[in-house]
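The block underneath contains the structure these notes are about, expressed in structure tokens.
Both counts, for ligands and for their atoms, begin at 1 and track the order of listing. Quick caveat: nothing in here was measured; it's all calculated off a predicted structure. No hydrogens, no waters, no symmetry mates; every other heavy atom, side chains included, goes into these values.
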Amino acid sequence: MIIKQLSMERESVSMWEISFVVPPNHETLDFKFLLKPKHSDAPCFVEEGPSRLLIGGALGEDARHALFKLDNDEVLEYQVFVKADRVSPFDLAASWRAYQDNFRPSSVRWIPDVSINSAPQTGGENGSSAGLELDLEHYVVPAPSTSAHVYAANMTENPRSLISGSGGSSFSSKPKGMEVNVPDSSKVFPSSGMVESKSVGTFSPLQKQDSQRGIFVDRGVGSPRLVKSSSSNIFSSDLNLGTGTKNSMPAAAGAVAAAAVADQMLGLKEDRHLAIVLVGLPARGKTFTAAKLTRYLRWLGHETKHFNVGKYRRLKHGANQAADFFRADNPEGMEARNEVAALAFEDMLSWMNEGGQVGIFDATNSNRRRRNMLMKLAEGKCKIIFLETICNDKNIIEKNIRLKIQQSPDYAEEPDFEAGLEDFKNRLANYEKVYEPVGEGSYIKMIDKVSGHGGQIQVNNISGYLPGRIVFFLVNTHLTPRPILLTRHGESQDNVRGRIGGDTAISEKGELYSKKLANFVGKRLKSERAASIWTSTLQRTILTASPIVGFPKIQWRALDEINAGVCDGMTYEEIKKNMPEEYESRKKDKLRYRYPRGESYLDVIQRLEPVIIELERQRAPVVVISHQAVLRALYAYFADRPLKEVPHIEMPLHTIIEIQMGVTGVVEKRYKLMD
Ligand SMILES: Nc1ncnc2c1ncn2[C@@H]1O[C@H](COP(=O)(O)OP(=O)(O)O)[C@@H](O)[C@H]1O
Ligand SMILES: O=P(O)(O)OC[C@H]1O[C@@](CO)(OP(=O)(O)O)[C@@H](O)[C@@H]1O
């Protein structure tokens with residue numbers, strides 16, 4: 001679209017920009033121009049006169065000037081040349097929504113209209129018409145803040161003993177060169193982290209009180225009872241087998257699979273805590289892998305923490321240590337590095353002693369001496385599995401290194417990228433000289449997992465439920481970038497009536513969404529050959545998927561909505577009235593509450609584990625059309641949200657959540673196609 005301003009209004013060019021607005025029946029594609037203040041949030045103005053028409057997907061040239069009456073009765077007149085091969089209904093609809101919302105342009109659903117003063121003279125390659133290609137951006141709505149762009153190492157545990165006031169440190173001096181720009185993870189992403197109650201199935205003080213009063217109804221996975229009773233402590237107290245601490249393992253009744261709980265009960269004491277010790281040269285994806293594994297295990301209900309020795313080093317010795325600090329023949333550097341490694345490991349052991357289950361210990365740990373030191377520290381306290389990441393592809397390593405210079409706090413204060421690069425390569429060379437691949441103990445080696453061929457996993461001396469799951473997870477994960485689109489079905493007839501569960505068809509509005517979704521998917525995945533559409537086995541998702549063509553559709557029972565058991569088909573009001581105890585129990589603990597003869601959110605998470613593994617394994621895009629509770633659980637995995645938040649995550653109808661899995665982790669984008 002080229003917009004030419006009439007000469008008399010030249011001075012307004014810096015103040016206004018033109019967009020368009022479409023009346024509510026925008027499917028007919030008539031529209032009006034919209035004059036938007038360029039640099040303020042003030043209301044915008046709709047063009048005077050009759051609507052313009054979009055004919056056959058193309059906007060013919062319209063010689064009519066666009067007239068805008070401003071508040072002060074001033075009239076602005078523009079000559080607008082439309083030069084677009086195609087104007088998308090999506091653009092127009094989005095524009096209408098932007099107008100509808102507050103009668104002002106939305107900075108979120110930004111409309112790539114052409115600002116008056118940057119209009120190209122003629123429609124060349126760089127002309128604005130390109131901006132009018134169907135632009136799904138118009139549907140973008142803000143996603144809740146996530147840690148997606150935060151360097152994973154910054155999200156790891158804060159050193160107990162290096163943080164002022166926590167005491168117990170072998171470092172008595174104040175950290176020198178204290179890193180100032182390490183974001184406090186709780187501030188960046190308040191919800192990152194763990195289930196604060198330390199329990200996903202053990203009773204919390206709250207539950208205990210309630211159960212004593214006979215109110216709380218626990219139908220956690222581990223509970224044998226279905227009847228309303230003060231049953232919450234049956235499972236968990238029996239399982240308090242005694243590390244002698246207040247958070248004794250296992251703490252996962254109702255959350256993790258029974259086999260894991262059994263392992264915790266029957267295994268040796270030291271086997272009840274697991275340390276996954278990363279091994280590898282710098283820039284081999286250790287922190288990346290550690291963060292991903294932490295997210296997976298937490299989601300499954302295992303208490304897991306990520307300890308990054310780099311963070312300890314930065315706090316103790318400053319962020320800008322040059323490559324020499326990492327030389328094996330620099331005794332001071334070696335001592336300092338071993339010291340912070342030991343400190344981080346001790347912190348991890350202390351946390352395990354307080355009930356922590358899996359510690360992910362993230363450092364190079366690249367020679368036997370260091371690993372021996374860790375094994376000594378772990379003796380009788382936890383089981384160690386080394387996880388080595390090996391990469392033989394020079395191009396990938398080069399890319400990783402460049403990414404590291406950009407992301408790592410080590411180079412945050414190095415303005416010269418090339419200087420940073422050289423220093424990091426020298427550091428790497430220092431590590432390479434003394435690197436000894438793992439050959440001892442229990443280990444998992446990930447070799448060339450990032451190559452196009454998927455690489456391989458080597459495993460030695462691995463047993464037990466959790467190590468087995470970890471291996472399975474690692475076998476299936478990869479870094480091929482691809483989008484995963486999550487959406488609820490279009491509005492169902494039961495949604496209209498406020499009834500939960502059921503298996504009704506979709507409403508008229510739901511049908512409209514199914515068409516819009518099909519359009520969206522067609523556009524978004526138009527260049528994807530191998531994408532697939534996953535639905536549940538319930539009508540409302542299958543019907544929502546039906547207008548989508550050109551992609552295989554798969555029905556998963558695991559994607560069916562939370563089973564509301566005896567409450568299926570009721571409204572929340574009816575449950576409150578007829579089964580007040582059930583209603584209250586759910587309100588109190590929506591995560592653990594299990595509907596009589598139905599499921600809890602924790603049950604849903606457990607049954608979704610194969611879905612997560614399959615989503616990790618797929619290399620092509622996947623569209624998941626499912627239900628509110630199920631999508632909350634899936635989303636929580638990708639967004640690294642703590643379990644306690646899962647039942648309360650907003651999961652609106654008619655909105656697509658796009659998860660991009662790629663080299664820097666998980667990035668989210670949301671599109672709202674309609675209300
Ligand atoms: N298994 C892997 N092999 C090689 N590169 C990987 C692997 N996993 C992730 N990466 C990539 O390596 C980059 C740098 O990883 P990072 O975790 O910071 O390295 P490290 O902790 O080993 O220094 C990541 O951004 C990711 O793109
Ligand atoms: O856990 P709550 O918040 O009740 O949400 C789950 C409920 O959402 C509903 C709608 O109320 O899901 P959906 O329509 O997406 O299948 C119910 O079927 C389901 O019981």
Side-chain angles (χ1 to χ4, degrees), residues 151-153 156 278-292 308-310 362-366 387-393 395-397 399-408 410 424 427-428 431 445-451 454-455 457 474 477-479 481 487-504 506 510 536 538-541 544 559-565 567-572 575 583 586-587 590-591 593 595 598-601 604 625-633 646-653 662-665:
Y151 182 54
T156 57
L278 274 295
V279 175
L281 289 165
R284 287 341 195 239
K286 295 183 300 298
T287 297
F288 181 95
T289 307
K292 193 162 184 176
N308 176 267
V309 176
D362 175 14
T364 54
N365 304 314
S366 55
L387 173 55
E388 184 174 17
T389 57
I390 296 173
C391 178
N392 296 306
D393 185 324
N395 291 331
I396 290 172
I397 297 170
K399 255 194 244 159
N400 288 354
I401 292 173
R402 288 176 173 271
L403 206 62
K404 272 211 100 97
I405 308 300
Q406 285 164 16
Q407 289 189 326
S408 169
D410 283 355
F424 191 79
R427 184 198 295 193
L428 196 46
Y431 274 102
K445 280 177 194 263
M446 300 172 70
I447 305 170
D448 290 331
K449 275 289 283 174
V450 185
S451 76
I457 300 266
L474 295 173
T477 58
H478 57 83
L479 263 85
T487 176
R488 283 175 74 186
H489 51 80
E491 181 188 71
S492 70
Q493 281 156 12
D494 269 350
N495 290 152
V496 177
R497 295 179 205 123
R499 302 203 171 278
I500 65 169
D503 189 13
T504 51
I506 50 182
S536 72
L538 298 169
Q539 282 206 74
R540 52 194 186 275
T541 62
T544 304
L559 288 174
D560 283 4
E561 182 54 312
I562 188 169
N563 181 350
C567 298
D568 189 77
M570 294 170 82
T571 64
Y572 293 116
I575 300 173
Y583 186 84
R586 189 161 200 257
K587 205 163 124 195
K590 201 172 169 191
L591 176 68
Y593 172 85
Y595 282 110
E599 287 179 302
S600 68
Y601 268 87
V604 171
I625 305 175
S626 182
H627 305 265
Q628 176 151 263
V630 164
L631 290 168
R632 281 174 176 152
V646 173
H648 311 285
I649 292 173
E650 214 195 317
M651 193 52 64
L653 282 169
V663 288
T664 50

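Panel note: side chain Asn365, backbone Leu278; a donor-acceptor pair is recorded below 3.5 Å. In this structure, the side chain of Arg488 engages the main chain of Met651 through a donor-acceptor pair within 3.5 Å. Lys449 places no side-chain N or O within donor-acceptor distance of the main-chain N or O of Thr389, the cut-off being under 3.5 Å.
The closest heavy-atom contact to atom 12 (O) of ligand 2, among the options Glu561, Met570, His627, comes from Glu561. Looking at Gly310, Ala291, Gly285 and measuring to atom 10 (N) of ligand 1, the nearest heavy atom belongs to Gly285. Between Lys404, Met446, His478, Arg284, it is Lys404 that holds the heavy atom closest to atom 23 (O) of ligand 1. Of the candidates Arg540, Met651, Glu491, the one placing a heavy atom closest to atom 16 (O) of ligand 2 is Arg540.
Under a 4.0 Å criterion applied to the non-hydrogen atoms of Arg586, ligand 2 contributes the atoms 1 (O), 2 (P), 4 (O). Less than 4.0 angstrom separates some heavy atom of Asn495 from each of these atoms of ligand 2: 10 (C), 14 (O). With ligand atoms numbered from 1 in the order given, ligand 2 contributes 10 (C), 13 (P), 14 (O), 15 (O) to contacts under 4.0 Å with heavy atoms of Arg488. Taking every non-hydrogen atom of Tyr601 and a distance limit under 4.0 Å, the qualifying atoms of ligand 2 come out as 1 (O), 2 (P), 3 (O), 5 (O). Heavy-atom contacts of Gly501 reach the following atoms of ligand 2: 17 (C), 18 (O), 20 (O) (cutoff under 4.0 Å). Counting atoms of ligand 2 from 1 in the listed order, those under 4.0 Å from a heavy atom of Lys590 are 1 (O), 2 (P), 3 (O). Of all the atoms in ligand 2, the ones that sit under 4.0 Å from a non-hydrogen atom of Ile500 are 17 (C), 18 (O), 20 (O). Within ligand 1, the atoms closer than 4.0 Å to a non-hydrogen atom of Pro282 are 23 (O), numbered from 1 in the order shown. The ligand atoms of ligand 1 that sit less than 4.0 angstrom from a heavy atom of Leu403 are 25 (O). Close approach of ligand 2 to Tyr572 (heavy-atom distance below 4.0 Å) involves ligand atoms 2 (P), 3 (O), 4 (O), 5 (O), 7 (C), 11 (O).
Residue-ligand proximity: Ala283 is placed with a non-hydrogen atom under 4.0 Å from ligand 1. Distances from ligand 2 to the non-hydrogen atoms of Arg499 include no value under 4.0 Å.
Side-chain contact between Val450 and Asp393: absent, with no pair of heavy atoms (C-beta onward) separated by less than 4.5 Å. No side-chain heavy atom of Arg499 sits under 4.5 Å from any side-chain heavy atom of Thr504. A heavy-atom distance below 4.5 Å is found between the side chains of Tyr595 and Arg586. Residues Val496 and Glu491 meet the side-chain proximity criterion, which asks for heavy atoms closer than 4.5 Å. His627 is listed as a side-chain neighbour of Thr541, based on a closest heavy-atom distance under 4.5 Å. Using a 4.5 Å heavy-atom cutoff, the side chains of Glu388 and Ile447 are not in contact. The closest side-chain heavy-atom distance from Asn400 to Arg284 is not below 4.5 Å. Contact annotation: the side chain of Asp410 approaches that of Arg427 to within less than 4.5 Å [non-hydrogen atoms, C-beta and beyond].
At least one N or O atom of Phe288 sits closer than 3.5 Å to an N or O atom of ligand 1. Not one N or O of Tyr595 is nearer than 3.5 Å to an N or O of ligand 2, by distance alone. The distance criterion of under 3.5 Å between nitrogen or oxygen atoms is not met by Lys449 with respect to ligand 1.
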Would Gln628 and Leu653 count as a side chain to side chain contact (heavy atoms under 4.5 Å, CB included) here? Give the steps.
CA-CA 8 Å; Gln628 176 151 263; Leu653 282 169; over 6 Å; no

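Under 4.0 angstrom from ligand 1, the non-hydrogen atoms of Thr287 come from both its backbone and its side chain. Contact annotation for Leu278 and ligand 1: no heavy atom of the residue comes within less than 4.0 Å of the ligand. Contact annotation for Asp494 and ligand 2: no heavy atom of the residue comes within less than 4.0 Å of the ligand. For Lys399, no heavy-atom contact with ligand 1 is shorter than 4.0 Å.
Scanning all protein heavy atoms for the shortest distance to atom 8 (O) of ligand 2 gives Gln628 NE2, 3.2 Å. Of the protein's non-hydrogen atoms, the one nearest atom 13 (P) of ligand 2 is His489 NE2, 3.2 Å.
The heavy-atom pair separating Leu559 from Ser536 by the smallest distance is O-CB, 3.3 Å.
Rounding to the nearest 0.5 Å gives a distance of 10.0 Å between CD of Gln407 and OG1 of Thr287. To the nearest 0.5 Å, atoms CG (Leu281) and CD1 (Ile390) are separated by 9.0 Å.
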